[in-house]
Chemist: 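Just passing along the structure, written as structure tokens.
Nothing here was measured: the structure is a model prediction, and the numbers come from that model. These values consider heavy atoms only, across backbone and side chains, with no hydrogens, waters or symmetry-generated copies.
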2 protein chains.
Amino acid sequence: MEYTVQGLGQLAGISARTLRYYDEIGILKPARMNSSGYRIYGQKEVDRLQQILFYRELGMSLDNIKEIITSPSFDEVEALREHQVKLLAKKEQLEQLISNVDKTIAHKEGRINMSDKEKFAGFKQKLIDDNEKKYGKEIREKYGDDWVNKSNEQVKNMTQDQYDGVTRLANEVNETLKAAMETGDPAGEVAQKAADLHRKWLCFYWDTYSKEAHAGLAQMYVDDPRFTAYYDKEQPGTAEFLRDAILIYTGMKE
Amino acid sequence: MEYTVQGLGQLAGISARTLRYYDEIGILKPARMNSSGYRIYGQKEVDRLQQILFYRELGMSLDNIKEIITSPSFDEVEALREHQVKLLAKKEQLEQLISNVDKTIAHKEGRINMSDKEKFAGFKQKLIDDNEKKYGKEIREKYGDDWVNKSNEQVKNMTQDQYDGVTRLANEVNETLKAAMETGDPAGEVAQKAADLHRKWLCFYWDTYSKEAHAGLAQMYVDDPRFTAYYDKEQPGTAEFLRDAILIYTGMKE
DNA sequence: ATAAACCCTTACGTTGCGTGAATGTCAAAG
DNA sequence: CTTTGACATTCACGCAACGTAAGGGTTTAT
């Protein structure tokens with residue numbers, strides 16, 4: 001039995017366009033062309049198309065399908081397994097998304113209490129942080145590898161009390177820093193107080209404190225636009241001021 | 001604080017290209033352009049971008065995000081809920097795929113027994129058939145709605161013995177039909193034997209038999225290219241021959 | 001003979017950018 | 001003062017798997 005594009009299309013439940021596309025990418029070529037250039041398919045092509053559609057239903061890419069059905073030596077089961085791994089990964093990712101959407105809806109509806117709300121703020125921050133990984137990587141290579149990762153871990157394992165503590169401390173740092181900015185003197189008492197609070201705050205995230213690392217971080221606040229943006233949000237120059245205060249505090253500058 | 005494309009890109013962990021694209025599709029326009037045509041973003045744009053990236057992390061399309069954040073009257077929670085419905089649908093679909101791939105691997109590895117193996121053939125056929133829903137719909141509307149579904153159901157509930165019986169019967173039909181084709185006479189004894197076997201075979205699927213329905217089905221074998229392809233696979237004209245034999249058998253034609 | 005129903009190729013649209021190419025601008029360094 | 005390098009800009013193609021015309025030949029039936 002011989003078929004033209006539409007005939008085979010109806011037979012298989014696909015469009016004529018699809019068959020032409022399959023011809024174009026070389027996954028299913030017609031048996032021959034007639035005198036007017038019509039594509040003519042025979043029984044062999046029907047069978048091959050069946051195979052293609054079968055794998056397509058499993059969500060495989062045409063490229064993959066092509067490999068499987070063109071080379072008989074191709075390890076089909078292995079290909080299926082690889083495909084399955086991909087599907088499973090996709091599924092996990094999807095579940096993560098769904099969970100996040102859930103949380104967001106709950107948050108928007110105000111169905112959650114304050115402490116959860118605060119954690120949600122952290123969750124949101126984490127989403128944004130994830131986004132910055134690429135850029136952050138450079139910084140980490142420059143200033144020491146794993147402090148960001150470590151702090152993520154630590155945040156996750158924090159108790160509610162600890163979380164509240166670190167949040168309050170962060171606010172104190174910001175307020176003191178604001179007041180210090182008004183004095184204009186990074187060596188002054190208020191600025192040094194801010195630097196000290198900043199050290200305390202930092203110790204929530206770092207298990208070992210060193211003056212060098214503290215100073216390095218301060219420098220990063222100026223070099224890394226993300227941090228600069230954070231500190232300069234209310235008052236430009238704040239990041240630089242904080243760096244100077246910390247450099248003096250750590251004795252790296254007088 | 002003001003940013004250029006790269007500045008804001010680093011801040012947010014995205015590329016400059018992405019920002020230009022966002023400008024192009026109107027989801028995030030720069031605050032202004034400087035004298036050389038550079039895009040300049042301000043604090044407001046930074047905040048808006050944060051929002052965009054937040055929803056993007058939830059797997060939303062940029063079009064959707066645009067709707068949410070541009071019109072303040074837009075029902076955000078409702079949009080999130082709709083989005084979640086989509087995600088859940090995707091997840092179910094994915095799970096179906098994974099299950100099917102599972103089955104296929106098991107089959108290819110020969111890890112399953114014979115009776116399951118035969119059911120796999122049905123499963124495979126069903127996957128292919130699912131594809132033909134649109135086309136099949138017309139046919140079902142024309143020739144009676146639910147016999148396809150019904151037969152699917154019946155196959156599922158068949159015992160192994162019944163399954164063997166119907167398979168053997170189908171073979172008999174085919175062989176007798178082949179022999180009848182050689183006589184060339186649809187009114188002849190062999191052809192009428194084939195028609196009778198076909199009726200018996202049919203009764204495995206239909207709970208009530210009628211000559212009219214039988215004749216109608218025979219006509220469908222000619223009208224529906226999928227069935228025509230099946231019967232004409234070995235010998236063109238077989239579907240038509242079978243129809244004639246059945247029409248005579250049922251007395252609709254002499 | 002003409003209309004209906006096929007067939008063909010070419011090519012743009014879909015989503016969210018990555019990745020050039022060709023060109024303009026602006027700072028610091030020679 | 002000019003060169004260099006790091007920015008910026010606007011096209012425009014590419015990715016997957018087709019859908020959807022546009023524009024034009026072929027076959028078939030009336």
Chemist: Out of dT9(C), dC18(D), dG16(C), which nucleotide sits closest to the side chain of L62(B)?
Modeler: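 Nearest nucleotide to the side chain: dG16(C).
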
Chemist: I need the CE-P distance between M33(A) and dG25(D), as an integer number of Å.
Modeler: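 The answer, rounded to whole Å, is 17 Å.
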
Chemist: Rounded to whole Å, please give me the gap between CG in N34(B) and P in dG24(C).
Modeler: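 Nearest whole value for this atom pair: 17 Å.
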
Chemist: So, are E2(A) and R32(A) salt-bridged, with charged N and O less than 4.0 Å apart?
Modeler: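 Looking at E2(A) and R32(A), the cut-off is met.
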
Chemist: If you find the nucleotide of DNA chain D closest to T4(B) and the one closest to R17(B), which residue's nucleotide is nearer the 5' end?
Modeler: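 Of the two residues, T4(B) wins.
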
Chemist: Do I40(A) and Y3(A) make a side-chain contact, defined as non-hydrogen atoms from C-beta onward lying under 4.5 Å apart?
Modeler: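 With C-beta onward as the side chain, the pair stays apart.
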
Chemist: Provide, to the nearest angstrom, the distance between the OH atom belonging to Y38(B) and the P atom belonging to dT23(C).
Modeler: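 To the nearest whole Å, that distance equals 17 Å.
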
Chemist: Taking atom types as modelled and ignoring hydrogens, do the side chains of E57(A) and N100(B) form a donor-acceptor contact shorter than 3.5 angstrom?
Modeler: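 There is no such pair (donor and acceptor under 3.5 Å, judged by atom type) between the side chains of E57(A) and N100(B).
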
Chemist: Give a yes/no answer on whether the side chain of S36(A) brings an N or O atom under 4.0 Å of OP1 or OP2 in dT27(D).
Modeler: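 Checking S36(A) against dT27(D): at least one side-chain N or O falls below 4.0 Å of OP1 or OP2.
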
Chemist: Could you tell me the separation between the CG atom of L19(B) and the P atom of dG16(C), rounded to a whole number of Å?
Modeler: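 Whole-Å distance recorded here is 15 Å.
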
Chemist: Can you say whether a donor on the side chain of R39(B) sits under 3.5 Å from an acceptor on the base of dT9(D), or the other way round?
Modeler: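 Side chain to base: no pair present.
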
Chemist: Nearest to the side chain of R20(B), heavy atoms from C-beta on, is which of dG19(D), dC17(C), dA8(D)?
Modeler: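 Nearest nucleotide to the side chain: dA8(D).
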
Chemist: Please tell me if the side chains of I65(A) and I69(A) come closer than 4.5 Å, counting only heavy atoms from C-beta onward.
Modeler: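 Yes, side chains in contact.
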
Chemist: What nucleotide, of dC26(C), dT27(D), dG18(C), holds the atom closest to the side chain of S35(B)?
Modeler: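 Within the option list, the nearest is dC26(C).
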
Chemist: Expressed in angstrom and rounded to an integer, what is the separation of Y21(B) atom OH from dT14(C) atom C1'?
Modeler: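 In whole Å, dT14(C) C1' lies 10 Å from Y21(B) OH.
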
Chemist: Atom CG of D23(B) and atom P of dG16(C): how far apart are they, to the nearest Å?
Modeler: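 From D23(B) CG to dG16(C) P: 16 Å.
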
Chemist: Measure from the side-chain N and O atoms of S99(B) to the backbone N and O of E95(B), and report whether any donor-acceptor pair falls under 3.5 Å.
Modeler: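 Absent.
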
Chemist: Report yes if a side-chain nitrogen or oxygen of T18(B) is closer than 4.0 Å to either non-bridging phosphate oxygen (OP1 or OP2) of dG16(C); otherwise report no.
Modeler: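 Indeed not, no polar side-chain atom of T18(B) lies that close.
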
Chemist: Please state how far atom CG in N64(B) lies from atom P in dG16(C), giving the value in whole angstrom units.
Modeler: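 Those two atoms, CG and P, are 10 Å apart.
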
Chemist: Can you check the Q6(B) CD to dC26(C) C1' distance for me, whole Å?
Modeler: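 About 14 Å, once rounded to whole Å.
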
Chemist: When all nucleic acid strands are considered with a 4.0 Å heavy-atom cut-off, which category describes I25(B): base, sugar-phosphate, or nothing?
Modeler: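 I25(B): no heavy atom of the nucleic acid under 4.0 Å.
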
